[in-house]
Number of protein chains: 2
Amino acid sequence: MKPKAKERMPTRIQKKNRAAILEAALNVFSAHGFRGATVDQIAAEAGLSKPNLLYYFPSKEAIHAALLSGLLDTWLDPLRALDENGDPLEEILAYVRRKLQMSKELPRESRLFANELVQGAPRIHDTLSSDLKALVDEKAALLERWMDQGRIARVHPYHLIFSIWSLTQHYADFDVQVRAVLGDEDPFEGAGPFIDTVYRKLLAP
Amino acid sequence: MKPKAKERMPTRIQKKNRAAILEAALNVFSAHGFRGATVDQIAAEAGLSKPNLLYYFPSKEAIHAALLSGLLDTWLDPLRALDENGDPLEEILAYVRRKLQMSKELPRESRLFANELVQGAPRIHDTLSSDLKALVDEKAALLERWMDQGRIARVHPYHLIFSIWSLTQHYADFDVQVRAVLGDEDPFEGAGPFIDTVYRKLLAP
DNA sequence: CGTGAGTTTGACCAGATGGTCAAATCACCA
DNA sequence: TGGTGATTTGACCATCTGGTCAAACTCACG
């Protein structure tokens, strides 16, 4: 039997409104940063009045925190998927491609994190040096094993990971700049093959 | 004889205070973004009262604009220095090294631009699609010529330039993340050789 | 020195912003 | 259908923020 929960099930309306708020907040926070976003703006975009929005989340901070922690997993999933048992180069290329695809399909999420990081990550610093560091340590060790086995070329494993982040997220985070330079050309059209080549040549044993 | 200028020479005090304000503004804007920075904060950091600061610059916007336009040249100088007459690979590697050094020595400047770009560059969009685009077009054409001559491997020249920007500026813009993962290790220690290797392997004809 | 330009400041303002609250309205089901 | 808890809102508040202004002060130079 179900132990009676202190917290009740979320109602249909709660589910709908919470989702609408997070969606709107993602738009606004990713476009203007935490400080640049206003509660009114988020409320308007979610189709709610400000007091109504604050009925669902206790504060602006809370919305932001909910967004970040809710998205962090999604964000790191591709790295988690790096599989010890796969072919090293193909595993890494798959990771790169997934990350680039995320830049294309989830640019708001990327910019949300970029905004936070570029300003010193005041609200997620702890998560970075615990969860993120642990995951990267683990995967860097895997990369190092592959290098020891001569299955990919030897490079600094941490900087290899950083390079994948920077090369792929660049297209989401600095989208305006990329488009200003490229004009009409679709950035991802050329980026995919380019980055692919980078890692094929870099990691060829 | 000197034509009498409508505008007088800046006094000693003007020079000192303008410089102090821009220095303080660079600190504050790069750490908090335009919206997150307050005039009081900048004034305090510059050792002036708010009204006094606004005696030297007419508005917060004006300080930000002065900073950006003053720094844009510095920022693009390394790319401008890419020399048609040098050895292609060495020229590109020199560009990469200069950019990485700038990330190390001028991280505030890098983050100032990063903050602006990640939020859609509302205040420098025009400069990007005119000046920046023109410069990149010119240098991309040079890279293409080098490729035509078989002096470096053929890759998408624009994405080659983007990759240099992203790989190097990553270490300034996302400094907290890099340090959270690396712990005590100096990021630039490993980044230099790593990025060097990337471009040597990528561009070997 | 005295004087006018250059510099500094306390007091102030209007608008924006995050957040509160009591009252009104709505949705569900016994 | 009535009642109860969930939802919504208009009015309001305190604080922050960019910016103004007149008055006071300082400096350089004749």
Side-chain angles (χ1 to χ4, degrees), chain A residues 4-68 115-116 119 122-123, chain B residues 2 4-29 31-68 115-116 119 122-123:
Chain A
K4 63 175 157 196
K6 282 235 174 90
E7 278 141 35
R8 323 217 107 270
M9 276 284 268
T11 69
R12 177 180 53 86
I13 294 177
Q14 271 167 29
K15 250 190 273 187
K16 193 195 61 172
N17 283 348
R18 272 180 208 282
I21 291 168
L22 289 175
E23 170 71 15
L26 178 56
N27 278 335
V28 179
F29 281 133
S30 69
H32 304 290
F34 181 78
R35 188 61 152 58
T38 75
V39 177
D40 283 289
Q41 226 177 332
I42 298 171
E45 191 131 342
L48 301 174
S49 66
K50 182 168 58 166
N52 198 8
L53 180 150
L54 290 166
Y55 170 73
Y56 291 98
F57 288 88
S59 69
K60 181 183 174 183
E61 277 269 352
I63 305 173
H64 194 253
L67 257 189
L68 281 177
N115 258 304
E116 185 66 12
Q119 291 180 16
R123 281 167 284 270
Chain B
K2 233 185 343 195
K4 64 175 159 198
K6 280 233 176 92
E7 278 141 36
R8 324 217 107 270
M9 276 285 270
T11 68
R12 174 181 55 86
I13 295 177
Q14 270 168 30
K15 251 190 273 184
K16 193 194 59 169
N17 283 347
R18 272 180 209 279
I21 290 168
L22 289 176
E23 169 71 15
L26 179 56
N27 278 334
V28 178
F29 281 134
H32 304 290
F34 180 78
R35 188 58 153 58
T38 74
V39 176
D40 283 288
Q41 225 177 332
I42 299 171
E45 190 130 344
L48 300 174
S49 66
K50 181 168 59 167
N52 197 9
L53 180 149
L54 289 166
Y55 170 72
Y56 290 100
F57 287 88
S59 71
K60 182 183 172 182
E61 277 269 352
I63 304 173
H64 194 254
L67 258 188
L68 280 178
N115 258 303
E116 185 67 12
Q119 290 181 16
R123 282 167 284 271

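Heavy atoms only: backbone and side chains are in, while hydrogens, waters and symmetry mates are out. Protein chains get the first letters and strands the later ones, always in sequence-line order, with residue 1 at the start of each.
Between B:Ala46 and B:Ala20 the shortest heavy-atom distance is CB-O, 3.7 Å. Pairing each heavy atom of A:Gln119 with each of B:His32, the nearest pair is NE2-O, 3.3 Å. Annotation for B:Ile42 and B:Ala24: closest pair O-CB, 3.6 Å, computed over non-hydrogen atoms. The minimum heavy-atom distance linking A:Tyr56 with A:Ile21 is given by the pair CB-CD1, 3.7 Å. The shortest non-hydrogen separation linking A:Val28 to A:Ala37 is CG1-CB, 3.4 Å.
Taking the six-membered ring for Trp and thresholds of 30 and 60 degrees, A:His64 and A:Phe34 have ring planes more than 60 degrees apart, a perpendicular arrangement.
For A:Phe57, the ring pair (Phe, Tyr, Trp, His ring centres under 6.0 Å) test picks out no residue, with sequence neighbours left out.
Of the candidate nucleotides C:dT8, D:dT8, D:dT20, D:dT20 has the atom lying nearest to any side-chain atom of B:Leu54.
Proximity of A:Pro122 to A:Glu116: side-chain heavy atoms (C-beta onward) are separated by under 4.5 Å at one or more points.
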Sort me out a list of protein N/O and nucleotides 1-4 of chain D N/O pairs below 3.5 Å, or just none if empty.
none

Do any N or O atoms of the protein come closer than 3.5 Å to N or O atoms of nucleotides 24-30 of chain D, and which pairs are they?
{"residue": "D:dA28", "atom": "OP1", "partner": "B:Arg12", "partner atom": "NH2", "Å": "2.8"}

At a cut-off of 3.5 Å, list every protein nitrogen or oxygen paired with a nitrogen or oxygen from nucleotides 9-14 of chain D, distance to 0.1 Å.
{"residue": "D:dT9", "atom": "OP2", "partner": "A:Ser49", "partner atom": "OG", "Å": "3.2"}

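Close to C:dG6, at under 4.0 Å from its OP1 or OP2, lies no side-chain N or O of B:Asn17. Residue A:Gln14 has no polar side-chain atom (N or O) positioned under 4.0 Å from OP1 or OP2 of D:dA6. Residue A:Thr11 places at least one side-chain N or O closer than 4.0 Å to OP1 or OP2 of D:dT7.
A distance of 11.5 Å separates CD of A:Glu45 from CG of A:Leu53, quoted to the nearest 0.5 Å. Taking NZ of A:Lys16 as the reference point, atom OG1 of A:Thr11 lies at 9.5 Å (rounded to 0.5 Å). Atom CG of residue A:Asn27 and atom CG of residue A:Leu22 lie 11.5 Å apart, to the nearest 0.5 angstrom.
The stretch residues 32-42 of chain B touches DNA chain D through B:Ala37, B:Thr38, B:Val39, each having a heavy atom under 4.0 angstrom from the strand.
For B:Lys60 and D:dG19, the NZ to C1' distance is 12 Å, given to the nearest whole Å. Straight-line distance from the CZ atom of A:Phe57 to the C1' atom of C:dT20: 19 Å, rounded to whole Å. The distance from atom CD of A:Glu61 to atom P of C:dG19 is 8 Å, rounded to the nearest whole Å.
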From CA spacing to verdict: side-chain contact (heavy atoms from CB on, under 4.5 Å), B:Phe29, B:Ile63: CA-CA 10 Å; B:Phe29 281 134; B:Ile63 304 173; 4.1 Å; yes
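Residue pairs meeting the salt bridge (charged side-chain N to carboxylate O under 4.0 Å, His left out) criterion with at least one member in residues 17-44 of chain A, sequence neighbours excluded: A:Glu23-A:Arg108, A:Asp40-A:Lys50.
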